[in-house]
Number of protein chains: 2
Amino acid sequence: MNLFGRKQKQTEAHNHIADDLSQKGLRMTPQRLMIVAAVENSTNHISAEEIYEQVIEKYPNVNISTVYRTLDTLAEMRLVTKTDLGDGRVRYHPADKGHHHHLVCRECGAIIDLDEKALTGIQATLLRDYNFIADLRHLGISGKCVKCNRQVVRET
Amino acid sequence: MNLFGRKQKQTEAHNHIADDLSQKGLRMTPQRLMIVAAVENSTNHISAEEIYEQVIEKYPNVNISTVYRTLDTLAEMRLVTKTDLGDGRVRYHPADKGHHHHLVCRECGAIIDLDEKALTGIQATLLRDYNFIADLRHLGISGKCVKCNRQVVRET
DNA sequence: TAAGATGATGCAACCCTTTGTAGTTGCATG
DNA sequence: CATGCAACTACAAAGGGTTGCATCATCTTA
Ligand SMILES: [Zn+2]
Ligand SMILES: [Zn+2]
Ligand SMILES: [Zn+2]
Ligand SMILES: [Zn+2]
């Protein structure tokens, strides 16, 4: 699976994204091609800075604001998700790759993976009772793991 | 109800917070007194900048980094919550005042209030199945309201 | 192909928040 | 008191991200 959920080669993939962009009156530029590839090829949650590093290897004069703007565009098109995993920078992820969430311990930074099914109930409730289409595709839920919780109890 | 959930006058209230701080080896300074009062007296979700404005009216040389550090301290003590309501700055709120959440439309900025009960189920699930104490006290859940969703459909 | 319109980018400036640090304040102990 | 220690603060600098704007690239239409 790639960024838009069809099985195909990278180049074809990019053509399809180009189509998606074109349908909205947007354009597939070399910068966007590189940025899409960086998110697509990352094994997991990549940051804007990391994407930027990859891009400037080929196009050294690309600006990081272009990276941020492109990522926002991709997020609006629902091709990537933006997630706060508690390390002070936003992480990006292909929207259709490995549906899941994360439980982030504020104390020790531990990250526990959470199946997406855990939130489908609340999503339906919010739609039915509040007429709201909540975006719960890739969340970082912050709190405390039991290990850190026990430590506090022991200290007291 | 005030910042620590007991019915009492402001001055007493501050003494109690002072006690809470003291138990952790921390001190109640004039700066902290002002910051606590600002959060406590705000009718709702106040920003660091707004707190800062109030504080410097009495102590003009207080620095905004002190405001941020104090708010973090209060958040760690679970006396205030930090919430992202999608307007580019964090909002602070007394933790025991009006338990609720917010549904934030990314399109039009509309904010729908959500009863805290809507998330008690998932909180229990996360604790039981994942041994994780999720902090779901005052969330801003982002997504799209039906009005904005209909607009997109109409355009297409 | 020319002209106009719209989208995209680089750059600089800015916004919100965090962090390092040196100096101060307050508490405890002798 | 004097001394020592830990907490606290102001200040400055930096970090992550956004925005305004002039310029550049691409598309449309004639
Ligand atoms: Zn993930
Ligand atoms: Zn932990
Ligand atoms: Zn609220
Ligand atoms: Zn809306």
Side-chain angles (χ1 to χ4, degrees), chain A residues 14-15 17-36 39 45-53 55-56 58-77 80-92 106 109 140 142, chain B residues 17-36 39 45-53 55-56 58-77 80-92 106 109 140 142:
Chain A
H14 293 153
N15 287 340
I17 291 220
D19 290 350
D20 292 359
L21 285 162
S22 190
Q23 278 177 19
K24 295 198 162 199
L26 308 179
R27 297 166 192 162
M28 176 51 86
T29 64
Q31 289 95 329
R32 287 183 175 168
L33 211 59
M34 292 290 298
I35 293 163
V36 166
V39 178
H45 320 99
I46 192 170
S47 73
E49 188 72 33
E50 288 162 352
I51 294 168
Y52 176 64
E53 306 275 321
V55 173
I56 57 175
K58 280 213 171 175
Y59 299 84
N61 60 333
V62 167
N63 195 272
I64 195 161
S65 66
T66 298
V67 175
Y68 280 111
R69 277 194 269 238
T70 297
L71 289 169
D72 280 350
T73 301
L74 295 172
E76 260 173 53
M77 296 171 69
V80 308
T81 56
K82 297 171 69 170
T83 306
D84 175 10
L85 292 178
D87 65 341
R89 78 206 60 202
V90 175
R91 299 273 165 185
Y92 299 85
R106 260 199 295 259
S142 113
Chain B
I17 291 217
D19 291 350
D20 292 0
L21 285 162
S22 190
Q23 278 177 18
K24 295 198 163 198
L26 308 179
R27 298 168 192 161
M28 177 50 87
T29 64
Q31 291 94 328
R32 286 181 176 172
L33 211 58
M34 292 289 299
I35 293 163
V36 166
V39 178
H45 321 99
I46 192 170
S47 73
E49 187 73 34
E50 288 163 351
I51 294 168
Y52 175 65
E53 306 275 323
V55 172
I56 57 174
K58 279 212 171 177
Y59 298 84
N61 61 331
V62 167
N63 195 274
I64 196 162
S65 67
T66 299
V67 174
Y68 279 109
R69 276 197 263 241
T70 296
L71 288 169
D72 279 351
T73 302
L74 295 172
E76 261 174 52
M77 298 171 68
V80 308
T81 55
K82 297 171 68 171
T83 305
D84 176 10
L85 292 178
D87 65 342
R89 75 209 60 201
V90 176
R91 299 275 165 183
Y92 299 87
R106 260 200 295 259
S142 113

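The model shown is predicted, which means the values in this text are computed figures rather than measured ones.
If you take CG of A:Leu85 and C1' of D:dG16, they are 15 Å apart, rounded to a whole angstrom. The CD atom of A:Glu49 sits 11 Å away from the C1' atom of D:dG17 (whole-angstrom rounding). In this structure, the CG atom of A:Leu21 is 15 Å from the C1' atom of C:dT6, given to the nearest Å. When the P atom of C:dT6 is taken as reference, atom CD of A:Gln23 falls 20 Å away, rounded to whole Å. Atoms CD (B:Gln31) and P (C:dT24) sit 15 Å apart, rounded to a whole Å. One atom, CD1 of A:Ile64, and another, P of D:dA14, lie 17 Å apart when rounded to the nearest Å. The interatomic distance linking B:Leu33 (CG) with D:dC8 (P) rounds to 14 Å, in whole Å. We find that CD of B:Glu76 is positioned 12 Å from P of C:dT18, with the value rounded to whole Å.
In this view, B:Asp87 and B:Arg89, B:Arg91 satisfy the side chain to side chain contact (heavy atoms under 4.5 Å, CB included) rule, not counting sequence neighbours.
B:Leu26 comes within 4.0 angstrom of the backbone, heavy atoms only, and of no base.
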- Could you run through nucleotides 20-30 of chain D and give me one letter per nucleotide, 5' to 3': B if any protein heavy atom sits under 4.0 Å from the base, S if only the sugar-phosphate is that close, - if neither? B----BB----
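The side chain of B:Ser47 contributes no N or O atom lying less than 4.0 Å from OP1 or OP2 of C:dC16. OP1 or OP2 of D:dG17 sits under 4.0 Å from a side-chain N or O of A:Tyr68.
Shown here for B:Asn63 and B:Tyr52, the closest heavy-atom pair between the two residues is C-CE1, 4.0 Å.
Nearest-nucleotide mapping onto DNA chain D: of B:Thr66 and B:Gly25, the residue sitting toward the 5' end is B:Gly25.
The side chain of B:Asn63 approaches D:dC11 more closely than any other nucleotide in the set C:dC11, D:dC11, C:dA8.
You'll find the side chain of A:Tyr92 stays beyond 4.5 Å of the side chain of A:His45, heavy atoms only. A:Leu21 has its side chain within reach of A:Met77: a pair of non-hydrogen atoms, C-beta onward, lies under 4.5 Å apart. In this structure, the side chains of A:Lys24 and A:Thr73 stay at 4.5 Å or more apart for every pair of heavy atoms.
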- Task: Apply side chain to side chain contact (heavy atoms under 4.5 Å, CB included) to the pair B:Gln31 and B:Val55, showing each step before the final yes or no.
- Result: CA-CA 8 Å; B:Gln31 291 94 328; B:Val55 172; 5.7 Å; no
- Message: A:Leu71 vs A:Val39, test: side chain to side chain contact (heavy atoms under 4.5 Å, CB included). Steps then yes/no.
- Response: CA-CA 9 Å; A:Leu71 289 169; A:Val39 178; 3.9 Å; yes
